[in-house]
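In the text below, chain A, chain B and the rest are named by the order of the sequence lines, each starting its count at 1. Keep in mind it's a predicted model, so treat the numbers as computed, not measured.
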Protein chains: 2
Amino acid sequence: MTGQGNTAVGRPRSFDTDEALHQAMLVFWKQGYEGASLTDLTGAMGITKTSMYAAFGNKEQLFRKALERYTDGPAAYGLRALEEPTARAVAAAFLNGSVRTTTQPDCPAGCLGVQGALAAGEAGTPAHEVLAEWRNVAGRRLEERFRRAAEEGDLPPGASARRLALYVMTVAFGIAVQAAGGIGRADLQEVADAAMDAWPA
Amino acid sequence: MTGQGNTAVGRPRSFDTDEALHQAMLVFWKQGYEGASLTDLTGAMGITKTSMYAAFGNKEQLFRKALERYTDGPAAYGLRALEEPTARAVAAAFLNGSVRTTTQPDCPAGCLGVQGALAAGEAGTPAHEVLAEWRNVAGRRLEERFRRAAEEGDLPPGASARRLALYVMTVAFGIAVQAAGGIGRADLQEVADAAMDAWPA
DNA sequence: CGAGTTCAGTACCGAACGGTACTTAACTCT
DNA sequence: AGAGTTAAGTACCGTTCGGTACTGAACTCG
């Protein structure tokens with residue numbers, strides 16, 4: 001029950017935790033969980049190891065917080081897309097957002113949720129599982145949105161919400177892989193457009 | 001100019017290099033380049049570090065050879081697909097092959113070419129670049145095949161071979177990501193089928 | 001001004017990393 | 001049998017890994 005009021009007692013923190021977390025996110029994004037050493041992380045964050053442990057716990061918890069920040073920041077297009085008026089617009093907005101975020105000039109190429117720990121050794125297993133769940137949650141959100149669209153008559157009777165959600169997520173993940181390999185934004189936007197040709201009705 | 005005839009001089013190798021390379025491939029496939037330690041690798045290969053260095057050079061060269069083996073083995077569906085008679089059949093065979101290989105029960109889930117080093121620190125950069133090139137080569141092969149199809153009148157006049165190749169590769173990579181996250185074969189086959197709905201004409 | 005509390009920095013921990021020198025074992029050829 | 005050649009095994013190299021005691025410094029409150 002440690003009070004979290006703004007009455008500061010003790011020596012005040014000399015760095016901005018938000019900015020430090022942002023830098024850590026960028027390192028994880030570029031190098032992956034196992035490829036990012038504490039030296040890489042704290043170097044980019046501009047703090048020492050002790051400060052990082054005091055502020056964030058350990059490497060794994062730092063990664064989880066960096067992923068939350070990624071979700072609310074660069075990956076926010078995911079939730080925004082769900083608010084589009086039609087299922088088709090939702091799918092297009094999701095794919096377009098993934099193209100834009102995975103090819104942002106001032107950020108690492110690709111998607112943290114995909115390349116953060118797609119394969120991992122023993123040390124990276126927790127991160128691997130966290131990211132797999134992160135991707136599945138996104139897919140479930142999309143599926144629920146499409147199910148609602150089906151109930152509203154926004155999708156043809158035969159369409160499967162689950163199948164459509166899986167398809168859109170799969171194309172988005174593929175876009176992330178291509179971006180990580182250096183494929184440019186214009187090419188990937190064409191891919192996103194081509195993917196929408198498979199949309200029903 | 002060391003002769004490579006079958007006249008064996010010196011102590012004969014006591015392990016099967018092909019089998020050892022196969023085991024190394026499986027470890028890289030499951031754990032990625034940086035996540036696979038020499039202890040993990042040599043443990044699975046059933047040999048000591050010295051034997052591994054004598055037979056394969058170092059970790060990076062072992063990875064390159066494991067990737068070649070992956071190309072000729074689990075990923076051989078890629079070249080086979082190019083031999084299909086029509087562009088549509090090529091695309092379908094490629095996607096179906098990716099579904100089968102990334103969800104093989106007795107192999108790691110996903111694709112070595114995708115998850116081997118999608119993001120990497122400094123130590124994993126060579127592997128990262130090797131895999132990016134590996135994916136691009138596959139895409140170029142597909143693009144050439146589709147260009148030939150266009151010349152043969154096997155594709156509508158407006159179709160872009162490059163765009164179609166990029167689309168098929170992107171879906172295949174997305175399937176690999178989904179498989180790495182535990183999505184099953186039946187679901188992914190539905191995705192592959194759905195992706196073909198975008199095929200022109 | 002202490003007393004209490006929290007943060008920063010140095011210096012260090014044991015373990016694991018990729019890689020190698022050196023000895024011993026197993027083979028072919030003369 | 002002995003020389004020459006190559007592989008296997010042990011034991012070790014320096015470095016880096018994630019993580020932590022411990023010492024001072026900076027702040028609020030009484």
Engineer: From the list dC17(D), dG19(C), dA8(C), which nucleotide is the closest neighbour of the side chain of Phe15(A)?
Structural biologist: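 In terms of side-chain proximity for Phe15(A), the closest of dC17(D), dG19(C), dA8(C) is dA8(C).
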Engineer: Has the side chain of Lys49(A) got a donor or acceptor that lies under 3.5 Å from a partner of the other kind on the base of dG19(D)?
Structural biologist: yes
Engineer: Do the side chains of Tyr77(B) and Arg100(B) get nearer than 4.5 Å, heavy atoms only?
Structural biologist: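 SC-SC contact between Arg100(B) and Tyr77(B) ruled out.
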Engineer: Determine, for Lys59(A) against Glu34(A), whether the closest basic-nitrogen to carboxylate-oxygen distance falls under 4.0 angstrom.
Structural biologist: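 Between Glu34(A) and Lys59(A) there is no salt bridge, as every charged N stays at least 4.0 Å from the carboxylate O atoms.
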Engineer: 5'-most contact on DNA chain C: Glu34(B) or Gly10(B), nearest heavy atom basis?
Structural biologist: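 This one resolves to Glu34(B).
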Engineer: Quick check on DNA chain C: between Pro12(B) and Ser37(B), whose nearest nucleotide comes earlier from the 5' end?
Structural biologist: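 Looking at the nearest nucleotide for each, Ser37(B) comes out on the 5' side.
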Engineer: In whole angstrom, give the distance that lies between atom CG of Leu38(B) and atom P of dC13(D).
Structural biologist: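 Those two atoms, CG and P, are 19 Å apart.
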Engineer: Taking CZ from Phe56(B) and C1' from dA7(D), how many angstroms apart are they, rounded to a whole number?
Structural biologist: 13 Å
Engineer: Separation of Phe63(B) atom CZ from dG18(C) atom P, in whole Å?
Structural biologist: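 Whole-Å distance recorded here is 14 Å.
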Engineer: Between atom CD1 in Ile47(A) and atom P in dA8(C), what is the gap in whole Å?
Structural biologist: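 Computing the Ile47(A):CD1 to dA8(C):P distance gives 8 Å.
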Engineer: If only side-chain N and O atoms of Thr48(A) are considered, is one of them under 4.0 Å from the OP1 or OP2 phosphate oxygen of dT10(C)?
Structural biologist: no
Engineer: What is the distance from CD of Glu122(A) to P of dA15(C), rounded to the nearest Å?
Structural biologist: 15 Å
Engineer: Assess the residue pair Gln23(A) and Val27(A) against the criterion (side-chain contact (heavy atoms from CB on, under 4.5 Å)); give the C-alpha distance rounded to whole Å, side-chain angles, the decisive distance to 0.1 Å, and a yes or no.
Structural biologist: CA-CA 6 Å; Gln23(A) 295 301 326; Val27(A) 174; 5.7 Å; no
Engineer: Taking for each residue the nucleotide of DNA chain D with the nearest heavy atom, is it Ser51(B) or Glu60(A) whose nucleotide lies nearer the 5' end?
Structural biologist: Ser51(B)
Engineer: Would you say dA8(D) has OP1 or OP2 under 4.0 Å from some side-chain N or O of Ser14(B)?
Structural biologist: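 Answer is yes, contact under 4.0 Å.
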Engineer: Taking CE from Met52(A) and C1' from dG9(C), how many angstroms apart are they, rounded to a whole number?
Structural biologist: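 After rounding, the gap between these two atoms is 16 Å.
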Engineer: Closest approach to the side chain of Arg13(B), judged atom by atom: which nucleotide of dG19(D), dA7(D), dC27(D) is it?
Structural biologist: dA7(D)
Engineer: Any donor-acceptor pair under 3.5 Å linking the side chain of Trp199(A) with the backbone of Ala198(B)?
Structural biologist: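 Side chain of Trp199(A) to backbone of Ala198(B): no pair is present.
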Engineer: Provide, to the nearest angstrom, the distance between the NZ atom belonging to Lys59(A) and the C1' atom belonging to dA16(C).
Structural biologist: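 The answer, rounded to whole Å, is 13 Å.
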Engineer: Tyr70(A) vs Trp134(A) aromatic rings, parallel, tilted or perpendicular, using cut-offs 30° and 60°?
Structural biologist: tilted
Engineer: Whole angstroms only, please: what is the OH-P distance between Tyr53(B) and dT10(D)?
Structural biologist: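 Spelled out: OH on Tyr53(B) to P on dT10(D) is 18 Å.
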Engineer: Starting the side chain at C-beta, find the nucleotide from dA25(D), dG9(D), dA7(D) nearest to Arg11(B).
Structural biologist: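 My answer, after comparing the listed nucleotides, is dA7(D).
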Engineer: OP1, OP2 of dG9(C) versus side-chain N and O of Thr50(A): anything below 4.0 Å?
Structural biologist: no
